[in-house]
Amino acid sequence: MNVIPVDSWKEDMQVFQEAAKKYYAGELKRAEYKGISGKFGSYAQKGDEPKSMLRLRMPAGRLTREKMAFIAESVRKYAIDKIKFTTCQTVQLHNLGLEPVCRIMEDALKVGIVTVGGGGDFPRNTTCSPLSGIDADEYFNVMPYAEAVGQYAMQFINAEKMPRKYKIGFSSSPKNQSHATMRDLGFVARPDGKFDVYSAGGIGPNPKVGVKVGEAVEPQDILKYVRAMWVMFRAYGNYENRARARSRYMQETLGGPEKYYEAFQAKLAEVEGTDDFAFEIKEAVITKAGDGTIENRRAIAQKQPGLYSVVWHPLGGCPSPEVFCQVSDALQEIEGAEIRLALDETAYIVNLTAGEAQKFIDLTAGDSAASLFEMASACIGGSICQQGVRDSQALLRSCAEAVQKAGIPDGALPAIHISGCPGSCATPQVVPMGFRGAVKDRQSAWLLYLNGCDAQGQEVFGKEAGVILETEVPDFLVELGKKVAESGMSFAEWSKANADGVEKVAAKYF
Ligand code: SF4
């Protein structure tokens with residue numbers, strides 16, 4: 001496999017720097033700037049004053065100590081006030097001026113962080129089950145394969161243009177936390193150490209589960225599938241209409257899943273021998289030993305005896321910059337520790353002894369979800385994102401405040417997912433309860449999705465139950481939480497026993 005040297009991206013960045021200078025000087029319109037900056041993982045934010053977001057790709061969601069230290073140093077140096085763990089397992093830095101955005105982008109290369117391809121119609125960050133290699137329930141560790149594919153796909157950035165972005169995911173168990181069955185291309189681990197491969201799936205408008213295009217694929221053959229998908233996308237993708245350009249529309253274009261399968265097999269045969277598909281994996285070996293046990297709802301026992309992962313889920317995936325830096329400092333001292341980012345905006349601090357786990361639980365105590373409800377996922381939303389119709393972060397804050405004030409007990413409400421527009425970055429369609437930005441009576445409102453599921457083989461895109469005014473969403477959740485709490489059951493148990501229970505409570509708000 002040919003690997004593009006990380007520091008070679010520095011040369012490309014001159015294009016970004018020129019455009020950024022013009023944008024900040026008011027000489028380049030936001031829309032034109034977006035066409036250039038997206039390739040480099042940066043977008044101008046909403047608002048009159050020029051400010052930027054920079055997306056730091058973390059292949060397979062792996063944030064090493066070195067990368068963490070670099071980000072923390074940048075946060076301190078440029079007094080960065082907003083950090084976001086994203087739904088594609090990256091770290092976004094917000095509200096950046098011209099110098100920070102240019103400098104951080106370039107300096108990040110020194111620690112192996114490449115922002116190029118972080119936006120635009122390029123191969124995006126490869127996603128992966130966050131606890132790969134440490135999850136007791138997994139079939140096998142898929143992370144090294146996800147990292148190899150992440151490296152391989154970088155060659156498509158400066159190759160022929162694709163119709164839209166290309167997202168690849170790896171899943172290590174049927175939990176399907178990386179939504180591998182619903183990506184442009186997804187590799188799903190099997191008990192026999194091989195992969196099933198899904199193609200042309202996606203969440204958002206016209207959601208689709210991918211077509212299974214490979215069964216029991218040998219791990220050494222996966223790069224062929226990555227290339228075949230790239231060839232497929234360029235051959236049958238829609239270059240004319242961006243609204244129908246994501247790969248999932250190709251299922252219809254080609255006449256349905258069976259025809260899509262046949263077309264994919266043809267491309268698979270076509271790419272045979274066209275590239276060097278051989279690669280070696282580097283699996284991190286964890287030799288560390290534990291020092292005792294810990295019982296805490298935020299500590300997850302790893303498959304390595306005596307080691308734990310700590311759940312750190314800041315509200316809306318936005319950690320306090322101060323806590324972020326403290327976690328980074330503490331992490332530097334700990335052998336084998338690193339952070340794994342999840343699609344639901346959780347950061348897992350992994351490979352910890354019981355004593356170390358307690359230390360991180362204490363350190364992040366004021367910056368992590370205190371209940372299942374606060375494990376909610378919310379995209380950055382319309383106050384910052386140019387596509388956004390509604391402010392997901394503000395909705396989550398007002399709901400969390402109302403739920404806390406009403407004393408709703410933990411477990412009575414689910415972890416909701418909130419997306420500010422149909423782009424559905426926070427995947428509201430594949431969770432038990434999700435919200436998507438909408439309009440009702442010319443007022444800010446949210447479309448309620450119910451009963452979605454992302455587990456492999458049980459994928460369901462949630463029902464569009466109705467639209468609720470933004471001002472009434474917290475009231476609806478409080479009323480629902482009280483009703484569930486009265487039953488003495490958890491939300492999962494209650495909604496199973498009351499199939500249309502949520503809709504009945506929601507009805508008066510529609
Ligand atoms: S869901 Fe929409 S508003 Fe939210 S981050 Fe994605 S594109 Fe922006």
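Note that ligands are numbered from 1 as they come in the structure, with each ligand's atoms numbered from 1 the same way. FYI, side chains are in, hydrogens and waters are out, and symmetry mates aren't considered; it's all heavy atoms of this structure. None of these values were measured; they are calculated from a predicted model.
A salt bridge (Lys or Arg N to Asp or Glu O under 4.0 Å) with D121 is found for exactly one of K167, K165, R242, namely R242.
Side-chain contact between W9 and T115: absent, with no pair of heavy atoms (C-beta onward) separated by less than 4.5 Å.
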side-chain contact (heavy atoms from CB on, under 4.5 Å) between L448 and F435, worked out: CA-CA 5 Å; L448 173 66; F435 292 91; 3.6 Å; yes
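Aromatic pair F491/F373: centroids not less than 6.0 angstrom apart.
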Give the table of side-chain donor-acceptor pairs shorter than 3.5 Å for residues 232-240, with sequence neighbours excluded, one pair per line with atom names and distance.
| from | atom 1 | to | atom 2 | distance (Å) |
| --- | --- | --- | --- | --- |
| N238 | OD1 | E240 | N | 2.8 |
| N238 | OD1 | N241 | N | 2.9 |
| Y239 | OH | K161 | O | 2.7 |

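Around atom 6 (Fe) of ligand 1, protein N, O or S atoms at less than 2.8 Å comprise C425 SG.
Ring orientation note: the planes of W312 and F324 are tilted relative to one another, at an angle of 30° to 60°.
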